[in-house]
Amino acid sequence: MERPFGAVAILHSERFDCSIGKQKKILSQAKKKAAEIGANGVIYYFDFGEKDPYAPASEKCHFSGLAIKYIDDEAKRYISEN
């Protein structure tokens, strides 16, 4: 089911090692932050450092995400009226 949504915030991490454990931790932190600001979810991407193959392993990855909130019926009415 498709649902319209709006952006609430852009989330970024510092560079980090690319371990699965670290990725899960950062994603969990992003979801928590998104929930704190009222978002319904996060659209995210992990950049694995392909652009800099000489970067140290501890600095190869970073997280980028967009916290989103679904548009409810009240917002749809406001949008259609304006």
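- Taking CZ of Arg15 as the start and CG of Asp17 as the end, the distance is 12.5 Å to the nearest 0.5 Å.
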Query - side chain to side chain contact (heavy atoms under 4.5 Å, CB included) between Gln23 and Phe63, worked out - result: CA-CA 8 Å; Gln23 290 176 45; Phe63 169 90; over 6 Å; no

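- Going from atom CG of Asp47 over to atom SG of Cys61 covers 7.5 Å, rounded to the nearest 0.5 Å.
- When the side-chain contact (heavy atoms from CB on, under 4.5 Å) test is applied to Tyr70, the partners found at least two apart in sequence or on another chain are Arg3, Phe5, Asn40, Ile68.
- By the 6.0 Å contact criterion, CD on Glu14 is open, its count of non-hydrogen atoms from other residues, nucleotides or ligands being 12 or less.
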Donor-acceptor list for residues 27-35 side chains, cut-off 3.5 Å, not counting sequence neighbours:
none

Report task. Verify side chain to side chain donor-acceptor pair (under 3.5 Å) between Ser13 and His62, making sure each step is shown before the conclusion. Result -> CA-CA 6 Å; Ser13 73; His62 77 268; over 6 Å; no

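- No side-chain heavy atom of Tyr44 sits under 4.5 Å from any side-chain heavy atom of Ile26.
- Across all their heavy atoms, Leu66 and Ala7 have their closest contact at CD1-CB, 3.6 Å.
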